[in-house]
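Down below is the structure, laid out as C-alpha coordinates.
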Amino acid sequence: MGRGRVQLKRIENKINRQVTFSKRRSGLLKKAHEISVLCDAEVALIVFSTKGKLFEYSSGSWLLEPQSMHHFRESLGIVVRKLMAINLWIESEIFSFEGEQWDVMDGTVSVLWK
(Lines give C-alpha, C1' and ligand atoms only; values in the text may rest on other atoms or scores of the structure.)
Protein backbone atom coordinates (compact mmCIF):
# COMPACT_ATOMS: atom_id res chain seq x y z
CA MET A 1 0.00 0.00 0.00
CA GLY A 2 1.35 3.42 -0.98
CA ARG A 3 1.52 6.56 1.05
CA GLY A 4 -1.12 9.26 0.78
CA ARG A 5 -0.42 12.51 -1.00
CA VAL A 6 0.95 15.22 1.28
CA GLN A 7 -0.90 18.53 1.19
CA LEU A 8 1.63 21.22 0.34
CA LYS A 9 1.15 23.94 2.92
CA ARG A 10 3.31 25.37 5.69
CA ILE A 11 3.64 23.10 8.72
CA GLU A 12 2.48 25.21 11.67
CA ASN A 13 4.06 23.12 14.44
CA LYS A 14 7.67 24.32 14.76
CA ILE A 15 9.08 20.95 15.87
CA ASN A 16 7.30 18.99 13.14
CA ARG A 17 8.45 21.58 10.58
CA GLN A 18 12.09 21.19 11.67
CA VAL A 19 11.90 17.39 11.61
CA THR A 20 10.33 17.47 8.14
CA PHE A 21 12.98 19.92 6.91
CA SER A 22 15.77 17.71 8.21
CA LYS A 23 14.37 14.52 6.66
CA ARG A 24 13.55 16.10 3.32
CA ARG A 25 16.93 17.86 3.18
CA SER A 26 18.67 14.51 3.71
CA GLY A 27 16.52 12.94 1.00
CA LEU A 28 17.26 15.78 -1.40
CA LEU A 29 21.02 15.51 -0.79
CA LYS A 30 20.80 11.73 -1.33
CA LYS A 31 18.92 12.22 -4.62
CA ALA A 32 21.51 14.76 -5.78
CA HIS A 33 24.28 12.24 -5.11
CA GLU A 34 22.33 9.45 -6.85
CA ILE A 35 21.71 11.46 -10.03
CA SER A 36 25.38 12.47 -10.17
CA VAL A 37 26.50 8.83 -9.91
CA LEU A 38 23.82 7.17 -12.07
CA CYS A 39 23.82 9.73 -14.88
CA ASP A 40 27.43 10.93 -14.65
CA ALA A 41 26.07 14.44 -14.14
CA GLU A 42 27.71 17.32 -12.35
CA VAL A 43 25.35 18.43 -9.58
CA ALA A 44 25.42 21.40 -7.24
CA LEU A 45 22.75 21.87 -4.57
CA ILE A 46 22.35 24.68 -2.04
CA VAL A 47 19.69 24.61 0.69
CA PHE A 48 19.10 27.30 3.33
CA SER A 49 17.26 26.60 6.57
CA THR A 50 14.80 29.12 8.00
CA LYS A 51 17.60 30.30 10.31
CA GLY A 52 19.85 30.91 7.28
CA LYS A 53 22.13 27.90 7.80
CA LEU A 54 23.65 26.73 4.53
CA PHE A 55 23.70 23.07 3.42
CA GLU A 56 25.38 22.21 0.15
CA TYR A 57 26.29 19.26 -2.05
CA SER A 58 28.54 19.31 -5.08
CA SER A 59 29.93 16.57 -7.29
CA GLY A 60 32.83 16.27 -9.71
CA SER A 61 34.58 19.44 -10.79
CA TRP A 62 31.97 21.54 -8.98
CA LEU A 63 33.79 20.78 -5.75
CA LEU A 64 35.27 24.09 -4.69
CA GLU A 65 38.29 24.77 -2.54
CA PRO A 66 37.46 25.67 1.08
CA GLN A 67 38.66 29.26 0.57
CA SER A 68 36.38 29.69 -2.44
CA MET A 69 33.41 28.21 -0.57
CA HIS A 70 34.08 30.49 2.40
CA HIS A 71 34.14 33.54 0.12
CA PHE A 72 31.00 32.30 -1.68
CA ARG A 73 29.14 31.84 1.61
CA GLU A 74 30.11 35.33 2.82
CA SER A 75 29.07 36.94 -0.46
CA LEU A 76 25.81 35.03 -0.56
CA GLY A 77 25.07 35.97 3.05
CA ILE A 78 25.60 39.66 2.25
CA VAL A 79 23.29 39.45 -0.75
CA VAL A 80 20.60 37.63 1.25
CA ARG A 81 20.76 40.22 4.05
CA LYS A 82 20.49 43.08 1.52
CA LEU A 83 17.52 41.43 -0.18
CA MET A 84 15.79 40.89 3.16
CA ALA A 85 16.29 44.56 4.05
CA ILE A 86 14.97 45.66 0.66
CA ASN A 87 11.97 43.36 1.08
CA LEU A 88 11.16 44.92 4.46
CA TRP A 89 11.52 48.39 2.95
CA ILE A 90 9.20 47.50 0.05
CA GLU A 91 6.59 46.11 2.45
CA SER A 92 6.68 49.27 4.58
CA GLU A 93 6.41 51.45 1.46
CA ILE A 94 3.44 49.46 0.19
CA PHE A 95 1.60 49.93 3.47
CA SER A 96 2.42 53.64 3.65
CA PHE A 97 1.48 54.33 0.00
CA GLU A 98 -1.64 52.20 -0.09
CA GLY A 99 -3.89 53.52 -2.83
CA GLU A 100 -1.25 55.90 -4.28
CA GLN A 101 0.88 55.53 -7.38
CA TRP A 102 3.65 52.89 -7.36
CA ASP A 103 6.75 54.91 -8.28
CA VAL A 104 8.36 53.37 -5.17
CA MET A 105 9.53 50.45 -7.32
CA ASP A 106 11.91 52.68 -9.33
CA GLY A 107 13.80 53.50 -6.14
CA THR A 108 13.93 49.82 -5.18
CA VAL A 109 15.53 48.78 -8.45
CA SER A 110 18.25 51.41 -8.11
CA VAL A 111 19.00 50.17 -4.57
CA LEU A 112 19.47 46.62 -5.87
CA TRP A 113 22.17 47.69 -8.33
CA LYS A 114 24.32 49.61 -5.81
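Residues Ser59 and Ala41 approach most closely at OG-O, 3.5 Å, considering heavy atoms.
Looking at residues two or more places apart in sequence or on another chain, you find a side chain to side chain contact (heavy atoms under 4.5 Å, CB included) between Lys51 and Ser49. Among residues two or more places apart in sequence or in another chain, the side chain to side chain contact (heavy atoms under 4.5 Å, CB included) test is passed with Arg17 by Arg10, Ile11, Lys14. A search for salt bridge (Lys or Arg N to Asp or Glu O under 4.0 Å) contacts involving Arg5 returns nothing, not counting sequence neighbours.
Within a 6.0 Å radius of CG in Asn13, other residues, nucleotides and ligands contribute more than 12 heavy atoms. More than 12 heavy atoms of other residues, nucleotides or ligands lie within 6.0 Å of CG in Leu38, so this atom counts as buried by the packing criterion.
Rounded to the nearest 0.5 angstrom, Met84 CE and Arg81 CZ are separated by 9.5 Å.
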Could you tabulate the donor-acceptor pairs under 3.5 Å formed by side-chain atoms of residues 19-30, not counting sequence neighbours?
residue, atom, partner, partner atom, Å
Thr20, OG1, Asn16, O, 2.8
Ser26, OG, Ser22, O, 3.0

